[in-house]
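Starting from 1, each residue takes its place in the sequence as its number.
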Amino acid sequence: NIMKAQKDPKLAVHTYKGSGAAVYAFNTKVAPFDDVRVRQALVMSIDRPKMSQAISNGLSRPASNPYGEGSWVKCKDDGALPFDLEKAKALLKDYGKPVDFKMLVTATPRGRMIGQVLQQFWKRAGANMEIEQVDQATIPPRAFTRQFQLVPWRIVDLADPDPQMYANFRSGSPLALAGFADPELDRLLDHARVTADVGQRIEDYCAISRLINKEAIWFWTFQNTYYARQRVGADFEAVRAKVAEAVGAAPDEIALTRGATEALQLLIGGYNRLKPGDSVLYADLDYDSMQYAMNSLKARRGVDVVKFD
């Protein structure tokens, strides 16, 4: 439909290059992904341009890091492993054991298609992947309890990479799905969130990308893309004005976000009157991103975080 719209002179197709990416996490605590050679081999077996053509007629833009073209983090060298099928075969041969594993996919036509494309790539390299189809709602609890070998995930489009990068890759974080720990990675993540020097932060995040790509604990397939959205511009302000009129408010009283995750993280991150000794409360049934954002207040504001089970 997008391609048809692009050819229709009556239509104007708006595109937006966001940050983030569609990603996948290896469980490095279980075989065969406890061996870096296997992880690197699978990543080097993925032909992203061909995969894009298969699932979206070439509209999906390949990703080589978690930041995306819309991010202010621009890396001259992100350490991406190249597509190299022969190298992948050599790594699996050096591993010396059969590579058999399961990958979680959503039980949707798109989920199945992505799984089947990756399955064929890896079969060519000498690895056997079994597709395990589950409901979308099943993936988060399976991921958080580490009941997976390979799981799909997403780095969403946020203004700053810190909340997600720290949560997904800092050792000890409940959201560090790969179960991978590295002192240098922790140091870079800690430094990137405390320095005010933007240039230094970019260097830190590019070094983080290089380390993650080298160890192949996660891999990225495609960048995020959102339809008809602008960060700042006439269209955005026009929508905000209409919403304000509809609810009887002033435009500067309206904040528009892309979903519950962004709204909650912005709201909780803005609790700037909290001080050491204060307490914040949340329930175990609250949205996962809200729980993480609340937990982060302990480090950022020095408050006591209380969870009700």
#### Entry: For Asp84, all residues meeting side-chain hydrogen bond (donor to acceptor under 3.5 Å, both in side chains), sequence neighbours excluded
none
### Query
How would you list, by chain and number, every residue that makes a side-chain hydrogen bond (donor to acceptor under 3.5 Å, both in side chains) with Tyr282, sequence neighbours excluded?
Asn295
### Task
With sequence neighbours excluded, give me every salt bridge (charged side-chain N to carboxylate O under 4.0 Å, His left out) pair touching residues 162-176.
Asp162-Arg193, Arg170-Asp186, Arg170-Asp190
### Query
Who passes salt bridge (charged side-chain N to carboxylate O under 4.0 Å, His left out) against Asp35, sequence neighbours left out?
Arg37
Donor-acceptor contacts under 3.5 Å from residues 102-109 side chains, at least two apart:
| residue | atom | partner | partner atom | Å |
| --- | --- | --- | --- | --- |
| Thr106 | OG1 | Thr108 | OG1 | 3.0 |
| Thr108 | OG1 | Gly111 | N | 3.0 |

### Task
If a pair satisfies salt bridge (charged side-chain N to carboxylate O under 4.0 Å, His left out) and one of its residues is in residues 135-153, list it, with sequence neighbours excluded.
Glu132-Arg142
### Task
Can you tell me which residue pairs pass the disulfide bond (SG atoms under 2.5 Å apart) test with a partner in residues 80-159, sequence neighbours excluded?
none
### Message
Can you tell me how far apart OH (Tyr24) and CZ (Phe148) are? Round to the nearest 0.5 Å.
### Response
13.5 Å
### Task
Take the angle between the ring planes of Phe219 and Phe26 and call it parallel below 30°, perpendicular above 60°, tilted in between.
tilted
### Message
Applying salt bridge (charged side-chain N to carboxylate O under 4.0 Å, His left out) as the test, list every pair that has at least one member in residues 109-126; sequence neighbours left out.
### Response
none
### Query
Which residues pass the salt bridge (charged side-chain N to carboxylate O under 4.0 Å, His left out) test with Asp34, sequence neighbours left out?
none
#### Entry: side-chain hydrogen bond (donor to acceptor under 3.5 Å, both in side chains) involving Thr28 - partner list, sequence neighbours excluded
none
### Message
Please list all pairs meeting disulfide bond (SG atoms under 2.5 Å apart) that have one or both residues in residues 127-193, counting only residues at least two apart or in different chains.
### Response
none
#### Entry: Which residues share a side-chain hydrogen bond (donor to acceptor under 3.5 Å, both in side chains) with Gln119, sequence neighbours left out
none
